[in-house]
There are 2 protein chains.
Amino acid sequence: MPDSPWQPPRILLAVDLVILTLREARLHILLVERGIAPFLGALALPGGFLHDEHEDIEAAARRELSEEAGLSDVHLEPLAVYGEPDRDPRGRVVSVAYLAVAPRLPEPVAGTDAAGASWMPVEDALAPGTELAFDHRRIIVDGVERARAKLEHTALATAFCAETFTISELQQVYEAVWDVRLDPRNFYRKVQGAHGFIVADGPMRKTPNGRPARLFRAGPVHVLNPPMTRP
Amino acid sequence: MPDSPWQPPRILLAVDLVILTLREARLHILLVERGIAPFLGALALPGGFLHDEHEDIEAAARRELSEEAGLSDVHLEPLAVYGEPDRDPRGRVVSVAYLAVAPRLPEPVAGTDAAGASWMPVEDALAPGTELAFDHRRIIVDGVERARAKLEHTALATAFCAETFTISELQQVYEAVWDVRLDPRNFYRKVQGAHGFIVADGPMRKTPNGRPARLFRAGPVHVLNPPMTRP
DNA sequence: AAAATAGTGTCTATAAGACACTATCAT
DNA sequence: ATGATAGTGTCTTATAGACACTATTTT
């Protein structure tokens with residue numbers, strides 16, 4: 001008697017989000033505390049399963065971004081796929097990870113699903129003592145490394161800033177993500193030399209302390225030329 | 001009465017392979033002609049569905065590499081995920097694309113599943129007149145762009161070469177993938193200056209025409225420092 | 001010898017980092 | 001005035017490309 005015809009297996013598809021922002025000049029990531037097994041109580045990336053068979057994957061990522069983090073209109077890009085057969089003890093789950101970058105914002109909105117989410121310095125999140133669910137440590141490492149690399153030759157840094165920003169605020173982004181100190185004077189000329197990276201936003205000014213700085217906004221160019229080289 | 005509890009949807013997972021090599025100093029890609037609908041008769045990337053629920057995704061890519069292309073032991077790395085809801089008319093299929101780079105090889109082995117596969121210049125594959133299945137044109141573009149970018153700061157170029165190679169062979173890789181002409185003398189010094197990129201393979205020699213060249217093999221370093229900059 | 005490719009040396013234009021200096025604010 | 005940050009100018013050094021030149025082979 002003939003075998004029943006071979007059918008490809010069906011698997012579960014999840015999205016996970018590495019959401020980065022800057023707080024107090026340090027790189028932070030948004031993590032949620034898991035309320036159910038497995039990894040109950042451990043920290044995890046915001047994310048979840050595809051809602052239905054026809055949902056677009058990036059749309060699912062934006063939905064989770066909104067539901068779990070209360071964020072919209074932030075930079076979002078595919079990061080990688082994580083599909084090890086045993087990465088989820090409940091069964092075969094393939095996850096598409098996204099990298100999101102948000103400007104400086106207040107705490108995750110309490111009273112929403114985002115209430116369980118909190119910003120944590122990336123350094124702490126990756127410290128040996130921090131218990132992270134699934135393979136999320138690896139995903140965070142990959143996401144941070146992606147951000148570091150993209151700062152070099154794309155305008156990603158502006159996604160960490162508000163609509164308008166000063167050059168020294170932009171410098172803080174580079175210093176926090178790369179974890180280095182940069183010379184403000186050379187940084188100033190370098191960032192100005194990358195055509196279309198940033199454009200002046202009127203002769204407006206601002207006053208933290210010291211001479212007021214000119215305000216800029218993200219320019220039309222997303223690929224930096226020349227690139228910002230890491231020391 | 002209560003709704004039945006929500007269950008996440010299950011989807012089909014495929015792998016697709018962008019397999020690049022060098023033939024006659026031009027960048028080629030391995031394509032198969034589809035023998036079944038949809039896109040019957042169109043060219044497509046080698047690939048297929050996950051075999052069973054427990055198969056590792058990269059293992060599936062290597063399996064297809066062997067079954068459809070007769071290749072083993074070649075460079076293989078994840079490229080991206082393609083999951084548009086309507087990318088496959090048969091239903092929801094999410095594909096994980098891989099980039100493979102093979103050294104110069106004879107034709108795909110006839111008499112195997114690879115018989116239907118053939119090497120084609122990338123330029124021809126991407127020409128407007130070429131009919132490609134699914135979203136494979138986009139995947140090829142992404143794969144080639146990935147190769148171009150990785151040549152700059154990794155040792156990927158050596159994956160296009162045999163075990164040992166001359167510096168001018170390595171230069172041909174860069175010229176074909178980047179589609180530029182490079183000065184052999186500056187290339188020579190530059191490639192030598194990237195520590196650990198290539199190492200001499202004895203004082204051996206070789207004879208195409210002109211002075212014999214020294215032979216090298218891939219060095220231990222995979223991240224180039226300084227990088228090979230594109231003109 | 002001529003042609004061809006391998007390999008070395010050197011010059012020049014440019015870019016990157018160090019850092020002195022000026023400008024404009026708060027106190 | 002002092003301190004702080006913004007912004008400009010300049011010098012030095014490292015690097016990328018142009019290209020002359022030597023070396024070693026085949027025909």
Side-chain angles (χ1 to χ4, degrees), chain A residues 24-25 151-153 157 161-162 164-176 178-217 223-231, chain B residues 22 24-25 151-153 157 161-162 164-176 178-195 197-217 223-231:
Chain A
E24 293 128 33
L151 246 50
E152 287 198 83
H153 38 262
C161 299
T164 63
F165 50 86
T166 66
I167 289 186
S168 88
E169 283 167 354
L170 193 60
Q171 181 179 342
Q172 283 182 29
V173 174
Y174 278 89
E175 292 187 328
W178 283 351
D179 193 23
V180 294
R181 299 285 302 174
L182 301 172
D183 182 295
R185 299 155 302 187
N186 291 335
F187 182 85
Y188 192 98
R189 270 185 296 100
K190 205 175 207 171
V191 81
Q192 292 277 48
H195 303 307
F197 183 10
I198 59 173
V199 298
D201 184 65
M204 312 288 287
R205 316 213 149 200
K206 216 187 151 188
T207 64
N209 180 15
R211 172 174 171 177
R214 289 156 62 190
L215 286 175
F216 295 83
R217 60 176 61 241
V223 177
L224 300 186
N225 184 4
M228 304 289 291
T229 50
R230 225 187 303 195
Chain B
L22 220 67
E24 293 127 34
L151 246 50
E152 288 197 83
H153 39 262
C161 298
T164 63
F165 49 86
T166 67
I167 288 186
S168 89
E169 283 168 352
L170 193 61
Q171 180 179 342
Q172 283 182 28
V173 173
Y174 278 89
E175 292 187 329
W178 284 350
D179 194 23
V180 295
R181 298 286 300 174
L182 302 172
D183 183 297
R185 301 157 297 188
N186 291 335
F187 182 85
Y188 193 96
R189 269 186 298 101
K190 205 176 207 170
V191 80
Q192 293 276 49
H195 302 309
F197 183 9
I198 58 173
V199 296
D201 185 65
M204 312 288 286
R205 316 212 146 201
K206 218 186 149 189
T207 65
N209 182 14
R211 170 175 173 176
R214 289 154 65 189
L215 286 176
F216 295 84
R217 62 177 61 242
V223 177
L224 300 187
N225 183 7
M228 304 290 291
T229 51
R230 228 188 298 199

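As the structure is a prediction and not an experimental result, all values here were calculated from the model. Quick note on labels: first sequence line is chain A, next is B, and so on, each numbered from 1.
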Can a donor-acceptor pair be found, under 3.5 Å and without considering hydrogens, that links the side chain of B:Glu152 to the backbone of B:Pro227?
no
Is [X] touching bases, backbone alone, or none of the nucleic acid, heavy atoms closer than 4.0 Å?
X        : answer
B:Ser168 : sugar-phosphate
A:Asn186 : base
A:Asn209 : sugar-phosphate
A:Arg185 : base

Starting from [atom2] on [N], measure out to [atom1] on [X] and report it in whole angstrom.
X        : N      : atom1 : atom2 : result
B:Arg230 : D:dT15 : CZ    : P     : 21 Å
A:Asp183 : D:dT10 : CG    : P     : 17 Å
A:Gln192 : D:dG9  : CD    : P     : 12 Å
B:Phe187 : D:dA18 : CZ    : C1'   : 17 Å
B:Leu182 : D:dG17 : CG    : C1'   : 11 Å
B:Arg214 : D:dA23 : CZ    : P     : 16 Å
B:Phe165 : C:dT5  : CZ    : C1'   : 18 Å
A:Gln172 : D:dT5  : CD    : C1'   : 12 Å

Under 4.5 Å between any side-chain heavy atoms of B:Leu151 and B:Trp178, yes or no?
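B:Leu151 vs B:Trp178: side chains touch.
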Heavy atoms, side chains only, cut-off 4.5 Å: are A:Gln192 and A:Phe187 in contact?
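A side-chain contact under 4.5 Å is absent here.
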The side chain of [X] lies closest to which of these nucleotides: [options]?
X        : options               : value
A:Arg211 : D:dA6, C:dG7, C:dC19  : D:dA6
B:Thr229 : D:dT26, D:dA16, C:dT8 : D:dA16
A:Arg189 : D:dT10, C:dA20, C:dG9 : D:dT10
B:Ala213 : C:dC25, C:dG7, D:dA6  : C:dG7

Can you work out whether B:Pro212 or A:Glu169 has the more 5'-proximal nearest nucleotide on DNA chain D?
A:Glu169
In terms of ring plane angle, is the pair A:His153 and B:His153 parallel, tilted or perpendicular, where the classes change at 30° and 60°?
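Answer is parallel, since the angle falls under 30°.
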Ignoring backbone atoms, establish whether B:Lys190 has a side-chain N or O less than 4.0 Å from OP1 or OP2 of D:dT15.
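Result: no.
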Are any of A:Tyr188's side-chain N or O atoms less than 4.0 Å away from OP1 or OP2 of D:dT8?
yes
Taking CG in A:Asp179 as the centre, count heavy atoms belonging to other residues, nucleotides or ligands within less than 6.0 Å. Is the count above 12?
no
